[in-house]
Amino acid sequence: MTGSGEHVGRARERLTALLVDASTGALGAADGHVAGVYLRSRTPGLLRLATLVGLPGPLFRPWWRLHMDRPFPVADAFRLGVRVVLPNATEMVRRYPQFAAGLPFQFGSVYSPVPGASPAFGVLTVLRPATPDAVDELPDLDRLCGLAERLGAGLRELVADEGAAAVAWEGEPVCVRPPPRRTRPARSGRFTWDPETSAVHADDRLHALLGVAPEDFAGTGSALAEAVAPADAPLVLAALRETAAGKPPESPLLTRAGDGTPRLVELWPPSDAGTPSLVTGIVVDPGPAGSADSAADPLPQGVFCLDRAGLVRYVNRAAARLAGRPAAELLDRPVWEAMPWLSGPPYDDHWRGALLAPDPVHFQVRHEDAGEGDLLAMSLHPGPDLVTCTVVPANRLDPAVRLPCPPEPEPDAVSGPGRSGGPSMAPLYRPIALAIALTDAVTARQVSAVVMQELLPAFGGRRLAIYLVQDRHLFLAWESGFPPGFLAPFDGVGLDARIPGVETLTTGRPLFFESMRQLADTYPGLALDADRGARAFLPLIASGRPVGSCILGFDDERGFSTEERTVLMALAGLIAHAMEKAQRYDSEAALARGLQQALLPRRLSAHPWVETVGRYLPGTQGMDVGGDWYDVVEAGDGLALVIGDVQGHGVQAAATMGQLRSAVRAFALGDRPPDEVMSGTNHLLIDLDPGQFASCCYLRLDPATGLARVARAGHLPPLLRTPDGRTHALEIPGGVVLGVDPRARYPVTELELAPEAILALYTDGLVERPGADIDDGIAALRVALAKAGAAHGRRGGRSLAGVADRLTATARHATDRPDDVALLLAARRPPQ
């Protein structure tokens, strides 16, 4: 098994190298900021992001998984096999409004399918600067397609060597830092300016920074401003004059050079000594990620730089002081770890904007450990290789001498991550985040959990209750934050009750109470859970039909602006539609569970010389119903043991499983050879449902001799624990999964099941974990079988049922079980 694990590891390394080469090549081919590759996964209909270059992985987490049938450009490129080009945000909104809602920034993108056999292997994706509508203005599209084709050729070679499973991606993407586009170091230079004569004297370092020879420099204030920042020259001149009048800027001027890279200009007023009429200045060009030195250290304002992987690459002394941590603790760490007060909503959106779009991003943030007040003004200035960030106490801002900044909330209205203060800017974008998160929530409990995670933090709420309508009564579906037992009297209340949770639904109007006193005055005698706070009651109505009501609770009194009320109603609509979908899903799931229970064997065929035990555990995601099954059937004078796994979940998978189980049972009762059983079942599945497939392992056992004949169709290898305690996976040649190739052949392997040996047949849900190698899971099951089987014996030892319980204990107690689990054990007991 170790050799097999090493082999799989080498295949994964080979795959990763192909993907990283294609992604980094695509950055240059399309002049991109971000590139990556989506690949097919082992979950039917699901694409996973395999590599990401140029953007921190956590910032792109909502797009790590994409379903092939979603209205997204990646899905269209994969499903249709055509290149999708979106030159700018306008075209993105027109063609893919849901995608644009999640990434509302000015950028273009290209999606090129990676050709395979059929369908494509995946999609090569590049996010790049926006261009006009003309598609032919995007650079080197043919080169990008060539990269996708070469990647497809490499993947086909990998499939030929390692099999199709080698290019199915599971787990998180591999995130790679892009190669630097510039290599020059950070630079700075000094100058003096005489306001009476406008004469400028620049040192040699400033001439080198500006790329102007001393003899070619006009030596005036206007010439200096044009050379430092052509587009911001008036701003620089105005700041020089203000400084000469004794009013220097409180923070560095944030300007851009002619090539768009950021430059910082710091000014000092005339002094009383030396040359009192001269203004002194320093110009700093921070340089690319990884090369910044101490050039910005003299500045009194905070400056730090991030590379495109989100790592802090430079911090000056002022930024470290404002962050409240030594610079050594900030460097080379992701910004959301180095400065956790800059993580989460809405800051993730600010970082995405700075990394995807060319325009500066300005915002305010609350940081209680800041040395000069807990409200800081942040500016993010994107560049080719890094984002240059400035941070100053917000109370030192002077709009007259600074770049324009969008309006920010008042200090007492800003609420950072995890705070429960007043309103935040989060309502401006939370419908987007909530809508994206709700796409993966399919049960009422999952919808409620998403609302708890996404909605409450955005508005600083601490309490949540969701009620759903059933038979003209409201029943509590979810609660969090309320005193224990407080909501129990309201569970099952009729729709004629005069309480806010009912009236908001029956009238269809939201109810907002800025204080608990206001709530008590409106509903005299209503039991309250607190003396202080605010409450919002929202109707959940979908397609004109009442679904339920949602209650939000806040610890402090607060107002609800018109904008917030509008956003909360929009969010309530999203929740209502998600709940309506979840209720339909729960009904279908109940039907599927009943169908599956009816199709699984109530009892296994018995033989006096063979003990068998089966276990089945449904998944905990989605519908909780899959296509795994097991069976033991009388076959001639022996027994047939079978285990299988139909792709997918839900009613269709359960129904297909029932048909296959019946077919295998019929073939077994006729005592057909294992290869004929597999071939016959394969043809049946192809006829029943083209496009559906299943894995299966069939074993015909002679109880008297222990001789077993096995055929395998794409299923995991059985495990065998011999009487001496050795446990290993059986090397059994097999054919392709059922339902794919009508001409498939299934070789038969013979083996012997000795007395007191234990044979284990299982499905991948027992051994597969997201992000982990399946060979490691099989090895862990093999070790568990060796330990559990040690106590198993014919007399007085652990029963085979106890062994089965021990092998499934971890899966049985897991709160998150992505797939269903089937296990079948058999032990031979010869006659005495």
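Every value quoted in this text rests on a predicted model; they were computed, and no experiment measured them.
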Exercise. Just how far is it from atom CG of Leu66 to atom CG of Leu49, taken to the nearest 0.5 Å?
Worked result: 8.0 Å
Exercise. Aromatic ring centroids of Phe363 and Tyr347 under 6.0 Å?
Worked result: yes
For this session: Step through it carefully: locate the ring centre of Tyr96, locate the ring centre of Tyr111, and say whether they are under 6.0 Å apart.
Result: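 That pair fails the under 6.0 Å test.
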For this session: Looking only at non-hydrogen atoms, find the nearest pair between Gly310 and Trp336 and report the distance.
Result: CA-CH2, 4.4 Å
For this session: Please lay out, stage by stage, how Thr763 and Asp628 fare under the test side-chain hydrogen bond (donor to acceptor under 3.5 Å, both in side chains).
Result: CA-CA 7 Å; Thr763 59; Asp628 291 14; 2.7 Å; yes
Any side-chain heavy atom of [X] sitting closer than 4.5 Å to one from [Y]?
| X | Y | result |
| --- | --- | --- |
| Met569 | Pro539 | yes |
| Trp629 | Ile643 | no |
| Arg79 | Leu47 | no |

Problem set entry | Aromatic ring pairing Phe490/Phe486, orientation class (parallel under 30°, perpendicular over 60°, tilted between) |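 Ring orientation of Phe490 relative to Phe486: tilted.
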Exercise. Just wondering, are more than 12 heavy atoms of other shown residues or ligands nearer than 6.0 Å to CG in Asp521?
Worked result: yes
Problem set entry | Passing option when Tyr762 is tested against Val767, Leu807, Val821, Thr808 for side chain to side chain contact (heavy atoms under 4.5 Å, CB included) | Val767
Exercise. Using 4.0 Å as the upper bound for N to carboxylate O, is an ion pair formed by Asp764 and Arg42?
Worked result: no
Problem set entry | Residues Asp556, Arg532: salt bridge by 4.0 Å N-O rule |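 Salt bridge between Asp556 and Arg532, a charged N being under 4.0 Å from a carboxylate O: yes.
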For this session: Please step through salt bridge (charged side-chain N to carboxylate O under 4.0 Å, His left out) for the pair Arg472 and Asp496, ending with a clear verdict.
Result: CA-CA 9 Å; Arg472 294 194 56 78; Asp496 56 350; over 6 Å; no
